[in-house]
Number of protein chains: 2
Amino acid sequence: MLVADNATAPTYTIGECARRSGFTMDTLRYYERIGLIDAVGRTATGQRRFTDGDLEWLGTLKCLRDTGMPVEQMARFADLVRDGDHTIPERIRLLETHRLAVDDRMADLAAKRDYISGKIDYYRSV
Amino acid sequence: MLVADNATAPTYTIGECARRSGFTMDTLRYYERIGLIDAVGRTATGQRRFTDGDLEWLGTLKCLRDTGMPVEQMARFADLVRDGDHTIPERIRLLETHRLAVDDRMADLAAKRDYISGKIDYYRSV
DNA sequence: CTAGGGCTTGGAGTGGACTCCAACGCAAAC
DNA sequence: GTTTGCGTTGGAGTCCACTCCAAGCCCTAG
């Protein structure tokens, strides 16, 4: 359920945000607690309201997490983003390092996939 | 250190086996305890002596583990291998299912690698 | 023959990343 | 206007896959 103030930007409850981001509500709260997400906007009664900007950031986090970046390093990246544009060179370095790690992982998976295929072929030949 | 009885097949201490297999000694003992490895041969005084056959099996386990197969499923596979040749069709099924999971994972990684590259390019353009 | 390293055990502890809980307030559908 | 369910909190618990520990035995080089 979109919770919109028709004149302004749409916002989302934590449940809707979970649905859209692919994280669970618990994980969203956890990420906010440990500083992966900046303090999320709240209603007068204290309920979270996520913005499209929050969702975009969550998309980045999801990508980093799903490619195996540890939470600690994501937190480092989040800090850099918070610190402003002068950290962009370091953000690039961090992402490039991570991309290399992803490349290694993919190469390793490809090699091991072949090993598995060989095993399957062997079993088929028996 | 290879521990060989010159007339027969070579065997390896757990330390040497760890070095060769890429698992730690603790992990090897753990895998034996939970049944991922069949009871390993012992010396008269109770020390483990791994064979080349053990090492080959460990290579398979390493491949499955490193491609993200849960220990429980590796145990299932180990059980099938123990149960004899009539389980080969099911072993094939298990490996094919796992290979699909690996394919999915590789596709996901590739997509997310592209996202990261896009992010890097964006930061470079700022 | 002794020092130093390697190996043994059962069981407890660790690390990372969530995930669940109780006890409660708020919301929106009928 | 009440029921059904979504949201709140701090803190405890879970899961996976190891990893470490103490106390002690074994092995080989010097």
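To find a chain, count down the sequence lines: A is the first, B the second, and so on, and within it residues start at 1.
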| request: Could you tell me whether the side chain of A:T87 reaches within less than 4.5 Å of the side chain of A:V81, counting heavy atoms only? | output: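 No, side chains not in contact.
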
| message | For A:R33 and A:T43, find the nucleotide of DNA chain C closest to each by heavy atoms; which residue's nucleotide sits nearer the 5' end? | response |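 Counting from the 5' end, the first nearest nucleotide belongs to A:R33.
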
| query | Which nucleotide sits closest to the side chain of A:Q47: C:dT8, C:dT19, D:dT8? | reply |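 In terms of side-chain proximity for A:Q47, the closest of C:dT8, C:dT19, D:dT8 is D:dT8.
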
| For the pair made of CD in A:E16 and P in C:dA27, what is the distance, rounded to whole Å? |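 After rounding, the reported distance stands at 17 Å.
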
| query | Does the pair A:D79/A:R76 count as a salt bridge with the N-to-O cut at 4.0 Å? | reply |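 No.
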
| message | Tell me whether B:R19 is salt-bridged to B:E16, with the criterion being a basic N under 4.0 Å from an acidic carboxylate O. | response |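 B:E16 and B:R19: salt-bridged.
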
Are any of [X]'s side-chain N or O atoms less than 4.0 Å away from OP1 or OP2 of [N]?
X     : N      : answer
B:R42 : D:dC26 : no
A:R48 : D:dT9  : yes
A:T13 : D:dG7  : yes
B:R29 : C:dT8  : yes
A:Y30 : C:dC20 : no
A:T45 : C:dA27 : yes

| said: Angle between ring planes, B:F77 versus B:W57, binned at 30° and 60°: parallel, tilted or perpendicular? | reply: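 Correct class here is parallel.
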
| request: Assign A:Y31 to base, sugar-phosphate, or nothing according to its heavy-atom contacts below 4.0 angstrom with the strands shown. | output: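 Touches sugar-phosphate only.
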
| Which part of the nucleic acid, if any, lies within reach of B:R65 when heavy atoms closer than 4.0 Å are counted: base, sugar-phosphate only, or nothing? |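 B:R65: backbone/sugar contact only, no base atoms under 4.0 Å.
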
